[in-house]
Amino acid sequence: MDEQLKSKAYDPKAIEEKWYSFWLENDCFKPSEDTSSPVFSIVIPPPNVTGSLHMGHALNATLQDILARYKRMRGYRVLWLPGTDHAGIATQNVVEKQLALENLNRHILGRDAFIERVWMWKKQYGGHIIHQLKKLGASCDWSRERFTLDEGLSRAVREVFVSLFEEGLIYRSQRLINWCPRCFTALSDLEVEHEEIQGKLTYMRYPFEDSSSFIVVATTRPETMLGDTAVAINPKDGRYVSHIGKMIKLPLTGRTIPVIADQQVDPAFGTGAVKVTPSHDFNDEAIAKRQNPVLPFISVIGQDGKMNINAGRRYTGLDRYECRKLVVADLKDKNLIEKEESHKHSIGHCYRCKTVIEPLSTVQWYVKVDTLASNAINVVKNEQVRIIPDGWKNNYFAWMQDIKDWCISRQIWWGHQIPAWYCPDCTLEGGTSQGENIYVALTHKINGIREGRYKELASCGISHKEIISNAKNIRVGTSVRPITGMVDPTVCPTCGSVNLLRDQDVLDTWFSSALWPFSTLGWPDHTDDLKAFYPTSVLVTGFDILFFWVARMVMMGIKFMKDVPFRDVYIHALIRDEKGQKMSKSKGNVIDPLLMIDKYGADAFRFSLAAFAAQGRDIRFSEERVEGYRYFINKLWNASRYIRISIDKYSTRQIETIEDIMSEFEGVDSVSLKLPERWVLSRLAQAAGNTSKGLEEYRFNDAASAIYQFIWHELCDWYIEFSKTSFEQEASDGKNQKLALKCLLYVFGHALKLLHPFMPFITEELWGMYCQTCKTISKTNFPDQLIVDIEAEDRIQYVIDCISGIRSIRGELNISPSKPLNAMIRTSSHAANSNLTKNYDYIKNLARLETLEISDVIEKPRGAAASVKTGMEIYIPLSGLFNVKTELERLEKELKKTNEAINQTNKKLLNEDFVINAPKTVVEKEKERYEEYIAKRDKIMTNINNMKELET
RNA sequence: AGGCGCGUAGCUCAGUGGUAGAGCGCUACCUUGACACGGUAGAGGUCAGGGGUUCGAUACCCCUCGUGCCUACCA
């Protein structure tokens, strides 16, 4: 006797690892060699290499795995390509934290040594999330695993960069950007999270130069007043128009600044007068640039978030927030604070470290996105890319139409260093040397100088080589021409100088992620994989990266592959905790998927995620439901035990393999089958159809519930119970065909296949129990084109109604299930009579009857409980332990229900408009219902009267 | 401020222009030969509120309330 027959409970731990290794060893996850098959390909949205699996990943991977496994069983050539991205800022942060523990920092190490160090870290910890995906059962082709900093992917990045630059779609520009003073880098607009906070609005008095009076401005950032270069008012604002052009003596600084006019100023907000700090506020930058001449830009805050020398000696070196306090205090001393009021406003935070971002004016690299974006809009409009559910289309369009140029340079070291070089020896049009516009800060003093223009350093006798190897920071003005190319240049193509400096910045990680759908397949080479698997079939992802990836992948795909990167985009929900809160480390409400797998098994966890994944809604994770699906697996396990026990009991021959039995059974003519067998085959067909339909339409929850419903409430609740009778009948009928046993195996085998994409482990385990030599269930065909048998469904449904009627009487009168009953059924139609008679044994056994009489001439016995159904009346004589009062109550309740139904139906039928306007079929149906209920009511009333006689 | 979504059983959620559903929980009875991680039978819902369209609305439209998210340059 083997393990299953002994164990009444399923233990996932024992088998999951075994089967995962088995699949790997047998190359089950690699695309088939058969190039004539249709192709289905998915690239995984690469998780951060620093990451560990969270619920979002688990859901994402589970859905992809379900699709991949399903399509494999459908005969597709499936590629699911895994990998991770290098997560520039996040990874660098992690390693820098490590260094800090050793009292080191990246500048001490130097760039090369630092990068070496990050690679070491990646080698040691980077496989973490991949390992977790395997625990989940993900059927990725691990032989094709990629990383955004791979040699091949880096070549793709370079190719794209150079090509976009040469086309003028990549350029450098000095403007305000979002700067994270902690990560010390620029961020794109998307990487800034806005959060509403309760702040203060400070009203400050700015006196006019002539001290005649003052103008009051309101601000949330008093410290920036040190960099103000104007006060703006709306040109239509009568209160202030006369002030336009007047000069203000800016407090604390001694500078004078003008009052200017600008349309954007809202007279209704604050005082209607706005201080303008072009260097530290995006609005103010725009106002400054609209003025003629342009307002001066005075930067008072440095990259470290501290005030710089321009802020004045008193404030230099203070943190922005310290300085704010001091400025307000100083103004108060001078009686220049009018008031402070509390004020709600939203401010930007770094998405990696949550530090408040600082707008700073710097030179950065940008991608010009307008034409790329409009193409990306078109392919969604004309459905070359489908977004599912399509509610997200609007968000996509809205974002795309409003898109601004993408800042792609980051001031960090971990990533793809920008392939651009500068020549300090070339001469600009005006005759000045480019070296005048390259500013170098050295790590230490050389020849008495620590920082300065390249030309200055060179003239102090510092060699080019020394400059490069000791540079801490190199800033290059926008007037300096970048040199780029697929090969690192060694000489300047213009002047022949060999003194080239490489751009220090790296590219945004998302820049390489945007190429993922084709760079992972080998582009820019024309590989077989690229030909076979691009465009990919579907991208499965959460909406939070719709813009980060989907949009950018579409742009890059169209641009470089001349085709969209994927046909479908399936956007799944975000997983929240039971209270609907977003899971986050800081809230401490994170549920670790691996914990769930440990506790309930990967199958139960996966199935829960699929069942949760209704379209267009967030998911509140509920552990209780996971537990519920573990029970479901246990149910399946025990159904299998029943089957194996039955085989032992009824099969005289050697056990055949499940594959043989299933194919043999396929040849059986349904005419030779009894109704329960025909019924379960039909229900299987329906379940298979619904499961496929759900998966094809990305309605994972529908697919999951179709298979759940079938296995538990049809196969187990009814067919297995019917089969007990069928087996006995076949054992005694002398033919020894064992059709029912084969049918059960056939249906069970198909059910396992239907379930396999959701629950790969248990289904493989059970499948294997019926055949040591068969191929893995993952390589069988998904059930398809099974036959629906409506007649069998209707007839068995009638039998089920009959059995339920008897069970109701038992249940409601509180009669023990073990007490055998005698039942009489009076039928009122030939069809009913013949149907029930044919299924006599099934009714008798499933309703636990001692005797059963079916006839159309039955006289209702005295003292019997009754149940009235369409076409039949069921009587259970209960002399002795019969409680008249209880039975009366039961009948009264039934009568009430029936009367309500009659009223409802009657109301409709009396409504002429309904009869005239409603479709004929609906009216007919309603009439039938009415008749049925009337007949039922009459019978119930008769029974009630009988009962009352008995009572007296 | 705009845009999007959600409000259905005690809880978590499906769903549909024509009889309101699931899982968990609850009640009663049952160690019946696959399964107590189980079986059988029950209880429980003005489908947020108000208006409109319709023969008929939980579903379609409008408004209100509640709630969540995204976008925005009100200093």
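In the text below, chain A, chain B and the rest are named by the order of the sequence lines, each starting its count at 1.
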Nearest-Å distance once atom P is located in both B:C60 and B:G15: 12 Å
Between P of B:C70 and OH of A:Tyr396, the distance in whole Å: 20 Å
Nearest-neighbour nucleotide for the A:Ala918 side chain, B:A28, B:C55, B:C30 considered: B:C55
P-based separation of B:G56 from B:A14 [nearest Å]: 30 Å
Comparing A:Phe543 and A:Ile720 on RNA chain B - which has the more 5′ nearest nucleotide: A:Ile720
G-U wobble or Watson-Crick pairing nucleotide for B:A14 (cut-off 3.5 Å, both distances): none
Whether A:Tyr629 and A:Phe632 hold their rings parallel, tilted or perpendicular, with breakpoints at 30° and 60°: perpendicular
Closest nucleotide among B:A43, B:A41, B:G38 to the A:Tyr631 side chain: B:G38
Within-4.5 Å side-chain heavy-atom neighbours: A:Leu766 and A:Phe748: yes
Donor-acceptor under 3.5 Å (A:Gln686 side chain, A:Ala706 main chain): no
B:U67: pairing nucleotide in any strand, Watson-Crick or G-U under 3.5 angstrom: B:G5
Length of the line joining A:Leu609:CG and B:G23:P, which is rounded to integer Å: 19 Å
Short side-chain N/O contact to B:C55 OP1/OP2 from A:Asn917, under 4.0 Å: yes
A:Asn638 CG - B:G38 P separation (whole Å): 9 Å
Upstream residue (5' side of RNA chain B) when A:Lys908 and A:Lys275 are each assigned their closest nucleotide: A:Lys908
Integer angstrom distance from the C1' of B:G44 to that of B:G25: 12 Å
NZ (A:Lys200) with more than 12 external heavy atoms under 6.0 Å: no
Watson-Crick or G-U wobble mate for B:A59, both contacts under 3.5 Å: none
Side-chain N or O of A:Trp712 closer than 4.0 Å to phosphate OP1/OP2 of B:G39: yes
C1'-based separation of B:C35 from B:U40 [nearest Å]: 15 Å
Protein-nucleotide distance (A:Glu623, atom CD; B:G25, atom P), rounded to Å: 14 Å
Nearest-angstrom distance, P atom, B:A43 to B:U27: 15 Å
Nearest-Å distance once atom P is located in both B:U67 and B:U8: 14 Å
Residue A:Lys693 excluded, over 12 heavy atoms near NZ under 6.0 Å: no
Partner nucleotide of B:U40 by Watson-Crick or wobble geometry (both distances under 3.5 Å): B:A28
Interatomic distance where CG belongs to A:Asn395 and P belongs to B:G3 [whole Å]: 13 Å
Atom-pair distance (CD on A:Glu193; P on B:A72), nearest Å: 13 Å
Within 45° cone and under 6.0 Å: A:Lys907 NZ/CZ vs A:Phe914 ring: no
Nearest-nucleotide pick for A:Tyr642, side chain only, options being B:C30, B:G18, B:A34: B:A34
Ring geometry between A:Tyr842 and A:Phe722 (parallel below 30°, tilted from 30 to 60°, perpendicular above 60°): perpendicular
Side-chain donor/acceptor contact of A:Lys635 with base of B:C35 under 3.5 Å: yes
Base-pairing mate for B:G33 - Watson-Crick or G-U, with both contacts under 3.5 Å: none
B:C47 and B:A20, which share atom name C1', separated by this distance in whole Å: 8 Å
Nearest-angstrom distance from the residue atom CG of A:Leu574 to P of B:C69: 10 Å
Rounded distance (Å) that lies between atom P of B:U32 and atom NZ of A:Lys844: 20 Å
Distance-only donor-acceptor test (3.5 Å): side chain A:Arg807, base B:U40: no
C1'-based separation of B:A72 from B:C4 [nearest Å]: 15 Å
